[in-house]
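Just so you know, these numbers come straight off a predicted model, no measurement behind them. Just the heavy atoms: all of them, side chains too, but no hydrogens, waters or symmetry mates, feed the values below.
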Amino acid sequence: MTSTATRPRGVRARAAIAAKTLRTDRWWFAPLITVVGLSAWIIYATVRVFMHRWYWVGDFHYLTPFYSPCVTDRCVEGSAHVGTYLPGWWFIPDAAFTLPFLLLFRLTCYYYRKAYYRSFWLSPPACAVPDGHKSYGGETRFPLLGQNLHRYFFYAAAIISAINTYDAFYAFHSPKGFGFGLGNLVLLGNVVMLWAYTISCHSCRHIIGGRLKHFSKHPVRYKAWTLISWLNVRHMQLAWITLGTLALTDFYVMAVAAGWFNDLRFIN
């Protein structure tokens, strides 16, 4: 193999073999599953966001997170908790104030970057497999320069998680007052997973303890940093779990709102 000292400038180091890779395992399987999984979720979410119906169950105050908060004048009665500020044109999402920030938070997430770089862009698709591009520019050019804004999108995501938490607790309502059903468990489970994913973010971990020089002088922040570090190791799993809980929550609210089945009620 050519050493660093003798390799001509601009020539990439690579094993002196004719094949692109000597890997014999199914290295392509993980990128393929990622493409299928993310594509399926994006298609489902896009369809649901622009359906503009079956997102609110008035009897129990169930609101899907895809429509929270609902801010267009098309929002059905009771679903707009903070008022309506936008016209109800079909191409405007009913949760137009939150969905763009959630999308940007996930797009710039460190795990999702790895996922779609390796799967959709093949950069690189796997270890010891050549990059699908002739040159590598990193995140030094537009639009990838925007990845550096991830910390600020984290702040927005935290606010949106708080809004989803409000929705989950507001749903403990029935025509007779306090109520509790299967939908409440679905909404609460989704909120717990969203918070776990949000605070396990690398930016959150750095904000909590990244600049501390003496943990002993900041015991509370150290405890918080320890918890977030434990979650941070599981950031990839939480990224996928929350895609599942978001889709499940939305589907459940849609099914109840459309009358496909009734909500299983435990109290009222």
Look only at the side chain of [X] and the backbone of [Y], and say whether a donor-acceptor pair between them is shorter than 3.5 Å.
{"X": "Asp94", "Y": "Thr72", "result": "no"}
{"X": "Tyr112", "Y": "Ala239", "result": "yes"}
{"X": "Ser79", "Y": "Val76", "result": "yes"}
{"X": "Asn232", "Y": "Ser200", "result": "yes"}
{"X": "Asn190", "Y": "Leu187", "result": "no"}
{"X": "Arg118", "Y": "Pro125", "result": "no"}
{"X": "Thr21", "Y": "Ala128", "result": "yes"}
{"X": "His173", "Y": "Gly179", "result": "no"}
{"X": "Tyr67", "Y": "His52", "result": "yes"}
{"X": "Ser68", "Y": "Pro65", "result": "no"}

List the residues meeting salt bridge (charged side-chain N to carboxylate O under 4.0 Å, His left out) with [X], not counting sequence neighbours, and say none if there are none.
{"X": "Arg113", "result": "Glu139"}
{"X": "Arg151", "result": "none"}
{"X": "Asp167", "result": "none"}

Side-chain heavy atoms of [X] within contact of [Y], under 4.5 Å:
{"X": "Leu246", "Y": "Trp41", "result": "yes"}
{"X": "Leu99", "Y": "Pro93", "result": "yes"}
{"X": "Thr98", "Y": "Pro69", "result": "yes"}
{"X": "Val253", "Y": "Val57", "result": "yes"}

Any chance you could measure [X], atom [atom1], to [Y], atom [atom2], to the nearest 0.5 Å?
{"X": "Ile33", "Y": "Leu38", "atom1": "CD1", "atom2": "CG", "value": "11.0 Å"}
{"X": "Lys114", "Y": "His235", "atom1": "NZ", "atom2": "NE2", "value": "11.5 Å"}
{"X": "Leu185", "Y": "Leu264", "atom1": "CG", "atom2": "CG", "value": "9.0 Å"}
{"X": "Ile207", "Y": "Arg221", "atom1": "CD1", "atom2": "CZ", "value": "10.0 Å"}

Checklist line | Derivation and outcome, side-chain contact (heavy atoms from CB on, under 4.5 Å), residues Trp260 and Trp54 | finding: CA-CA 11 Å; Trp260 298 343; Trp54 299 338; 3.7 Å; yes
Do other residues, nucleotides or ligands put more than 12 heavy atoms under 6.0 Å from [X] [atom1]?
{"X": "Phe261", "atom1": "CZ", "result": "yes"}
{"X": "Phe215", "atom1": "CZ", "result": "yes"}
{"X": "Phe101", "atom1": "CZ", "result": "no"}
{"X": "Asn262", "atom1": "CG", "result": "no"}

Next item on the list: For Phe91 and Phe50, work out which heavy atoms get closest and say how close.
Entry: O-CE2, 3.5 Å
Check: How about Trp121 and Tyr116: are their ring centres within less than 6.0 Å of each other?
Finding: yes
Margin query: So if I apply the ring-ring contact (aromatic ring centres under 6.0 Å, His included) rule between Tyr197 and each of Tyr111, Phe105, Trp240, Phe154, which one comes out positive?
Written below: Phe105
Check: Which pairs count as salt bridge (charged side-chain N to carboxylate O under 4.0 Å, His left out) when at least one residue sits in residues 34-57, sequence neighbours excluded?
Finding: Arg48-Asp250
Next item on the list: Decide whether a cation-pi geometry holds between Arg265 and Phe60; the criteria are a distance under 6.0 Å from NZ or CZ to the six-membered ring centre and an angle within 45° of the ring axis.
Entry: yes
Checklist line | With sequence neighbours excluded, residues passing disulfide bond (SG atoms under 2.5 Å apart) with Cys70 | finding: Cys75
Show me the donor-acceptor pairs, under 3.5 Å and distance only, between side chains in residues 223-231 and residues at least two apart or in other chains.
from   : atom 1 : to     : atom 2 : distance (Å)
Thr226 : OG1    : Tyr222 : O      : 2.8
Ser229 : OG     : Arg205 : NE     : 2.8
Ser229 : OG     : Trp225 : O      : 2.7

Check: Is there a side-chain contact (heavy atoms from CB on, under 4.5 Å) between Val186 and Tyr62 once you walk through the steps?
Finding: CA-CA 10 Å; Val186 173; Tyr62 292 165; over 6 Å; no
